[in-house]
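One structure below.
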Amino acid sequence: MPPSSASLALLSRLPEWYRSTARDLPWRRPAFHDEFGAWGVLVSEFMLQQTPVTRVIPHLDAWLARWPTPKDMSAASTAEVVQQWANLGYPRRALWLHRAAVEITDRHGGVVPRDVDALLALSGIGDYTARAVAVFAYGDRHPVVDTNTRRVLARAVEGRAQPGPPSRRDLDLMGSLLPDDVAAAAEFNAAAMELGATVCTARSPRCELCPLADGCAWLAAGRPDTGDERRRQAAYEGSDRQARGAVLRLLRGSAPDAVPLVAVIPDWPDLRQRDRAIDSLIADGLAEADGEGLSLPR
DNA sequence: GAAACGTGGGA
DNA sequence: TTCCCAAGTTT
C-alpha cells in the first residue's frame, strides 16, 4: 500500500524536530566518525542490538580504545572479546562481531564494506544493522527500520498501538516514505528512530511533546489499545538463559583460568539445566572444556 | 514464522 | 515487587 500524501506531509515534520531535539550520542559526533569511521558505527550498532543506549556508551568507548580498527580486533582471541563484552548481554554478539572483524579484514582489506549486500553477508549483521551502517557511516540512501521506527509508523500512519510482527513490508513502507535527497533520507531515518526512542515510546508515550501529534492516526483515534499484544518475553527466572548467564559470568570472572567442572555453579537448583547450559555454551563457541575444566575459548 | 538468546533499569 | 522491554539476528 503506497503512503498517502497525508502521511508524507505529516512525517515531513520529523527532520526539523530532530535537528532541534536530538540527543548528543557518541556515534552522532563528527569527531567519532573522524576517529573510528564506519568501524565505530558498526561496533555501536552491534552493541545496540537489544541493549539500551545508556548501557552501551561506556562499553563502546572501552571497546574502540582497545580495538580501534577491524584488523586490531581480528587479531584478538575469542576469550578476549567475550571478556570485553562483559555484561552487555547476548554474548553471541561478541562472537559475531569478532567474526565480522575477521571477515572484514580477510575479504575487504580491513575496510568495512559500504554495499548493503556485502554487509548482510557478514556475521551478526541483518536487515537493520546492514542499512544502519550504510546510512549512518556512509551516508547512503536506504530505509533503516528498527523497533522504534516500526512503532512510530504503526501509530502515526496505521493508527495501531504497537507494530505487527517485523516483516519485509516494514522496509518497503519506510523506503516509500524516504525523502529523495540522500542527506535528507539519512536524517529522516535517524529522526524516526529518535522519535520512537524518546517520545513515541512503547509505554507511556509523551504525545504532548510529539511533532506529529495533530496528525497521528493513533492519537486521533483516542490511543486505542489495538489488541495486537506483543508476544510476551519468556520468563527469565529459572530459564536456560539464566543458567547460561550464570556460567558465563563465572568464566569471565575466572579468566584466563579454567574452572574445574565440579565448581561450575554447583549450587544451581537444576543440575540438568546447568549441564545443558554448559553444553550449549560450548556448542555456541562461548566456552571450552579441557582437562583443566571449563573456560572461555582459548 | 516462531523460538531462543542476557542483563539491568524504569514504571 | 513484578512486569515490561530495549538501535536484532539466527536457526
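Residue numbering restarts at 1 for every chain, and letters A, B, ... go by the order of the sequence lines.
- Going from atom CZ of A/R244 over to atom CG of A/D240 covers 8.5 Å, rounded to the nearest 0.5 Å.
- Comparing A/R241 and A/P165 against DNA chain B, the residue whose closest nucleotide sits nearer the 5' end is A/P165.
- No contact: A/R276 has no heavy atom under 4.0 Å from any strand.
- Counting any heavy atom pair closer than 4.0 Å across all strands shown, A/D284 reaches no nucleic acid atom.
- Base engagement by A/W27 is indicated by at least one non-hydrogen atom pair under 4.0 Å involving a base atom.
- Below the 3.5 angstrom threshold, one finds no donor paired with an acceptor across the side chain of A/R55 and the base of B/dG8.
- Inspection of the A/Q84 and A/R66 side chains reveals an N or O donor paired with an N or O acceptor under 3.5 Å.
- At a cut-off of 3.5 angstrom, the base of B/dG1 holds no donor-acceptor pair with the side chain of A/S167.
- Comparing C/dT9 with B/dG8, their P atoms sit 23 Å apart, to the nearest whole Å.
- With B/dC5, B/dG6, B/dG8 as the choices, the nucleotide that has an atom nearest any side-chain atom of A/N87 turns out to be B/dG8.
- Residue-level contact check: A/R168 touches neither bases nor backbone, having no heavy atom under 4.0 Å from any strand.
- Base engagement by A/G89 is indicated by at least one non-hydrogen atom pair under 4.0 Å involving a base atom.
- Looking at A/Q233, its side chain has no donor and acceptor atom pair within 3.5 Å of the base of C/dC4.
- Using a 4.0 Å heavy-atom cutoff across all strands shown, A/L25 reaches at least one base atom of the nucleic acid.
- Listed candidates were B/dG8, B/dC5, B/dG9. Nearest to the side chain of A/R203 is B/dG9.
- Side-chain contact between A/V157 and A/L10 is absent, with no heavy-atom pair separated by less than 4.5 Å.
- A/L88 comes within 4.0 angstrom of a nucleotide base, judged by non-hydrogen atoms across all strands.
- Across C/dA7, C/dA6, B/dC5, the shortest atom-to-atom separation from the side chain of A/P52 is found for C/dA6.
- Backbone-only contact: A/R244 has heavy atoms under 4.0 Å from sugar-phosphate atoms and none from a base.
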